Amino acid sequence: MKKEQSQELKEKGYTILRNQIDEKWLNLLTKEVGRAFIEHRNVQLANGNDINTDGVALHVLLSSPLFIEFLQTLLDNGFIQSLQDNFFHSKCIVNSLSALNNLPNQPNFSAIVHRDLRFYSGDFPIMLNCLLMVDDFTVENGGTYLLTGSHLEERKPTDEEFFSSAIQATGKRGDIVIFNANVWHSSAPNTTQEDRRAIPFTVSKSFMKQLLDYPRAIGYDRMDTFTPEMQQLLGYYSRVPASLEEWYQPEDKRYYKKDQD
């Protein structure tokens, strides 16, 4: 993230990093996202979940090793480090990683004006939303609405206020939109006949509870198969002890590492 992009994130609440993911990776991700949508829809229907449209794969991180490999590329290319340096000023962890398809004329829950935090954190740098464009984002296919500057005040805008002032994030596949989790946003209608897929992921301060317990879901026994940097990013260094035996451990074996924040 360049200095001007960091400043834009601070002032406007969002910025767009262009050409972040190459075509080879995008093709791999597109294939795996398609498989994940089918897998997750089957689970949703089997469980009687209230998601009523296709194209929703929450916590896709668990659906294929490819998504962990994708996170490794974000570590390797300095993307995660730039977020830590320019926003968090500390380590950060993955809070969620999912996939969404803004289907033609089939709005899902993301069409509601919302924040991805359940509280207003003010100027405390607690969480960032990142949105990888798997397809081009255009006005016609529903580039995400963002209300510029709305991270600076707690009040929720009315729908009229929001839609009269919000901008639409547009760009090419491979671009990544980054916005403060306090920014009010929503998906926009897809008036084309084509898919508009994205991989939304959030990163947060290490002490913030993940939306899904990724270390437990991936497996504690797999921890040593990851680099220390990946262990930290996935949340293995931010676990909560569940017994006195787990609490009273020497420093190098403790569940929560002291250098997280």
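Because only heavy atoms are used, hydrogens play no part in the values below, and waters and symmetry mates are left out as well, while side chains stay in. In this text the structure is predicted, and so the values were computed from the model without any measurement.
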I'd like to know if [X] pairs up with [Y] as an ion pair, taking the criterion as any Lys NZ or Arg NE/NH1/NH2 lying under 4.0 Å from an Asp or Glu carboxylate oxygen.
| X | Y | value |
| --- | --- | --- |
| R41 | D54 | yes |
| E23 | R173 | yes |
| E154 | R115 | no |
| K172 | D136 | yes |

Mark yes or no for whether [X], through its side chain, and [Y], through its backbone, hold a donor-acceptor pair below 3.5 Å.
| X | Y | result |
| --- | --- | --- |
| S64 | F67 | no |
| Y120 | E153 | yes |
| D22 | L26 | no |
| S186 | V113 | no |
| T191 | E140 | yes |
| Q249 | E245 | yes |
| E11 | G149 | no |
| S6 | K2 | no |
| E39 | R35 | no |
| N86 | S82 | yes |

Heavy-atom pair with the smallest gap, counting every atom of [X] and [Y]:
| X | Y | result |
| --- | --- | --- |
| K91 | S206 | O-OG, 3.7 Å |
| H114 | D116 | CD2-OD1, 3.0 Å |
| C130 | F79 | SG-CZ, 4.1 Å |
| N95 | Y214 | O-CE1, 3.8 Å |
| M208 | S204 | CB-OG, 3.7 Å |
| A198 | F137 | CB-CZ, 3.7 Å |

Should [X] and [Y] be regarded as members of a common hydrophobic cluster, given that ILVMFWY residues are connected when their side-chain heavy atoms come within less than 4.5 Å of each other, either directly or indirectly?
| X | Y | answer |
| --- | --- | --- |
| V60 | L211 | no |
| I176 | M133 | no |
| F37 | L58 | no |
| L117 | Y145 | no |
| V56 | L61 | no |

Compare all side-chain heavy atoms of [X] with those of [Y] and state whether any distance is below 4.5 angstrom.
| X | Y | value |
| --- | --- | --- |
| R196 | T144 | yes |
| V139 | T170 | yes |
| H185 | L147 | no |
| L29 | W25 | yes |
| M127 | S121 | no |
| I167 | Y14 | yes |
| M1 | L83 | yes |
| F87 | I178 | no |

Working to the nearest 0.5 Å, report the span between [atom1] of [X] and [atom2] of [Y].
| X | Y | atom1 | atom2 | answer |
| --- | --- | --- | --- | --- |
| L234 | L71 | CG | CG | 6.5 Å |
| N141 | D195 | CG | CG | 9.5 Å |
| N102 | N190 | CG | CG | 5.0 Å |
| L28 | E32 | CG | CD | 8.0 Å |
| E194 | T138 | CD | OG1 | 10.5 Å |
| S150 | R155 | OG | CZ | 10.5 Å |

Problem set entry | Chi angles and distances behind the side chain to side chain contact (heavy atoms under 4.5 Å, CB included) call for D123, L152 | CA-CA 8 Å; D123 59 2; L152 300 175; over 6 Å; no
For this session: I would like to know whether R197 and L100 meet side chain to side chain contact (heavy atoms under 4.5 Å, CB included); could you show each step before the answer?
Result: CA-CA 6 Å; R197 294 158 293 192; L100 291 175; over 6 Å; no
Exercise. Yes or no on side chain to side chain contact (heavy atoms under 4.5 Å, CB included) for H59 and S96, after CA distance, side-chain angles and deciding distance?
Worked result: CA-CA 6 Å; H59 306 296; S96 65; 4.1 Å; yes
For this session: Show the numbers, then the answer: is there a side chain to side chain contact (heavy atoms under 4.5 Å, CB included) between W247 and Y255?
Result: CA-CA 8 Å; W247 176 264; Y255 282 18; over 6 Å; no
Can you establish whether the number of heavy atoms outside [X] located under 6.0 Å from its atom [atom1] is more than 12?
| X | atom1 | answer |
| --- | --- | --- |
| F119 | CZ | yes |
| N47 | CG | yes |
| E4 | CD | yes |

Exercise. Is R254 positioned over the aromatic face of Y237, cation under 6.0 angstrom from the ring centre and no more than 45 degrees off axis?
Worked result: no
Problem set entry | Verdict with reasoning, N42 to H40, per side-chain hydrogen bond (donor to acceptor under 3.5 Å, both in side chains) | CA-CA 5 Å; N42 288 337; H40 285 242; over 6 Å; no
Exercise. What residue among E8, Q7, Q5 forms side chain to side chain donor-acceptor pair (under 3.5 Å) with T15?
Worked result: E8
